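Note that the structure is a prediction, hence the values are computed from the model and not measured.
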Amino acid sequence: MSAGDKRSRAGVTDQAAFFAALAKERRSVRGFLPTPVPQSLLEEVFTVAQLAPSNCNAQPWIVHVVSGEAAERLRSGLYDAARTGGAPAGDFAMTGSYPDEYRARQIGSAKALFGAQGIARDDVEGRKRSFLRNFRFFDAPHAAFVFLDERFGIREAADCGMFAQTLMLALAANGLASCAQTALSFNPSLVRDLLGIPSGHKLLFGLAFGYEDPAHPANAARTDRAALSEAVTFHR
Ligand SMILES: Cc1cc2nc3c(=O)[nH]c(=O)nc-3n(C[C@H](O)[C@H](O)[C@H](O)COP(=O)(O)O)c2cc1C
């Protein structure tokens, strides 16, 4: 039964089942149809995302959504810069390689993504081509850029994560797909310049979204999760 079917039935149990199905349904999609999302639906979804909780209800996320010509300007600017430019210079320190068990998870997600696309481990060019698709928003017609005021820190950055997950679930509930993208924060000055954003707004991450292209091989990738006991300790 799909998440949508569950939603049509009332009751707390069904609501829990609906939410669990929705959380499972959301996954990172890296191939989109060109079909734009109607502005009314964009506004509905972002209104729901505004319900995200935050420290002292400060709601520190500053969100810029690009569509149409604005999306094309950003897409070609970021892609050209990534293709020809040097190392990323984000506003926030990058997590490059992960230590310990986190490394195994990082490798697992890369394997899933490259495996789905038939890109071999030693295919450096193929991996690069796949990575560069980040900067074209994986062909999504829309992207959201999430900024944080420079006067804020890690707590408010966590609030922005709350916002992003609420947004991604709201998108999924409306039949839309998404992929959060740190890669879209690699060239923050260019994004600020192209969108006329003040230098004190620091770019945390971007998020591509739209209608999934079910035929794109990257979308066959699936990730798993660690056992509950690895992440959560219950104390009594
Ligand atoms: C903040 C954040 C940044 C991410 N950045 C990227 C990115 O730059 N490129 C990408 O392809 N995926 C990116 N992802 C997607 C993760 O790889 C993905 O969430 C993870 O592998 C789990 O898979 P799932 O989202 O399909 O459940 C990002 C996810 C988050 C939450």
**Prompt:** Does the side chain of K202 reach to within under 4.5 Å of the side chain of R192, using non-hydrogen atoms?
**Reply:** yes
Q.
Do S54 and E156 have side chains that approach each other closer than 4.5 Å (heavy atoms only, starting at C-beta)?
A. no
*Could you please spell out the steps behind the side chain to side chain contact (heavy atoms under 4.5 Å, CB included) verdict for Y211 and L176?*
CA-CA 5 Å; Y211 297 98; L176 294 161; 3.4 Å; yes
### Side chain R75, main chain R136, donor-acceptor under 3.5 Å
yes
Are L207 and V191 grouped together when hydrophobic residues (ILVMFWY) are joined by side-chain heavy atoms under 4.5 angstrom apart? no
Rounded to the nearest 0.5 Å, the CZ atom of R129 sits from the CG atom of D123 at a distance of 6.5 Å
Rounded to the nearest 0.5 Å, the CG atom of L190 sits from the CG atom of L74 at a distance of 7.0 Å
Next on the checklist: side chain to side chain contact (heavy atoms under 4.5 Å, CB included), that's the test. Do F32 and F137 meet it? Break it down for me.
Outcome noted: CA-CA 9 Å; F32 293 85; F137 317 153; over 6 Å; no
(request) Spell out, as yes or no, whether a donor-acceptor pair under 3.5 Å connects the side chain of N219 to the backbone of G31. (result) yes
Open item on the list: Could you go through Q181 and R30, starting from their C-alpha distance and side-chain angles, then the distance that decides it, and tell me whether this counts as side chain to side chain contact (heavy atoms under 4.5 Å, CB included)?
Closed with: CA-CA 10 Å; Q181 293 180 264; R30 299 180 180 89; over 6 Å; no
When rounded to the nearest 0.5 Å, the distance separating OG of S199 from CG of D193 is 10.0 Å
Problem set entry | Side chain proximity check, R105 to R225, heavy atoms < 4.5 angstrom | no
In terms of hydrophobic clustering (I, L, V, M, F, W, Y; side-chain heavy atoms under 4.5 Å; direct or indirect links), are V29 and L41 co-clustered?
no
When rounded to the nearest 0.5 Å, the distance separating CD of E125 from CG of L132 is 9.0 Å
Note, S185 side chain near F92 side chain (heavy atom, < 4.5 Å)
no
>> Is there a path of hydrophobic side-chain contacts, each under 4.5 Å between heavy atoms, that joins F131 and Y98?
In response: no
Heavy atoms of T84 and D80 approach each other most closely as OG1-O, 2.6 Å
For the pair S76 (side chain) and E72 (backbone), establish whether a donor and an acceptor sit closer than 3.5 Å, ignoring hydrogens and angles. yes
Looking only at heavy atoms, the pair that brings L148 and C160 closest together is CD1-SG, 4.0 Å
request  = Verify side chain to side chain contact (heavy atoms under 4.5 Å, CB included) between I107 and R103, making sure each step is shown before the conclusion.
outcome  = CA-CA 6 Å; I107 291 170; R103 174 84 179 131; 3.9 Å; yes
Between D139 and R133, is any pair of side-chain heavy atoms under 4.5 Å apart?
yes
Contacts satisfying ring pair (Phe, Tyr, Trp, His ring centres under 6.0 Å) that involve residues 39-89 (not counting sequence neighbours) are F46-F209, W61-F163, H64-F147
In terms of heavy-atom contacts, V48 and A170 come closest through CG1-CB, 3.9 Å
Original post:
Side chains of S67 and L42: closer than 4.5 Å at any heavy-atom pair?
Top reply: yes
Query raised in the report: For R121, does the CZ atom sit with more than 12 other heavy atoms under 6.0 Å from it, leaving out its own atoms?
Result: no
* Transitively linked via ILVMFWY side-chain contacts under 4.5 Å: F152 with I62? -> no
If we ignore hydrogens and angles and just use 3.5 Å, is the side chain of Q117 paired with the main-chain N or O of L113 as donor and acceptor? yes
Hey, does D213 have a side-chain heavy atom less than 4.5 Å from the side chain of F138? no
Which of L184, V63, V65, I197 passes side-chain contact (heavy atoms from CB on, under 4.5 Å) with F145? Answer is L184
Side-chain heavy-atom pair F135, R83 within 4.5 angstrom cut-off: no
* Check: T223 main-chain N/O paired with R27 side-chain donor or acceptor under 3.5 Å -> no
Nearest heavy-atom contact between G210 and V37 is CA-CG2, 4.1 Å
Closest non-hydrogen atoms of P141 and A71, given as atom of the first, atom of the second and distance, are O-CB, 3.7 Å
One should read off an interatomic distance between S178 OG and H142 NE2, to the nearest 0.5 angstrom, of 12.5 Å
For N187 and A81, the nearest pair of non-hydrogen atoms, with its separation, is ND2-CB, 3.2 Å
* Would you say L51 has more than 12 foreign heavy atoms packed within less than 6.0 Å of its CG? -> yes
Report task. Is it possible for you to say whether L171 and V146 belong to one hydrophobic cluster, with membership spreading through side-chain heavy-atom contacts below 4.5 Å? Result -> yes
Distance col, row E230:CD vs L228:CG, nearest 0.5 angstrom, shows 10.0 Å
Exercise for the section: Kindly check if the number of other-residue, nucleotide or ligand heavy atoms within 6.0 Å of CD (E101) is above 12? Expected result: yes
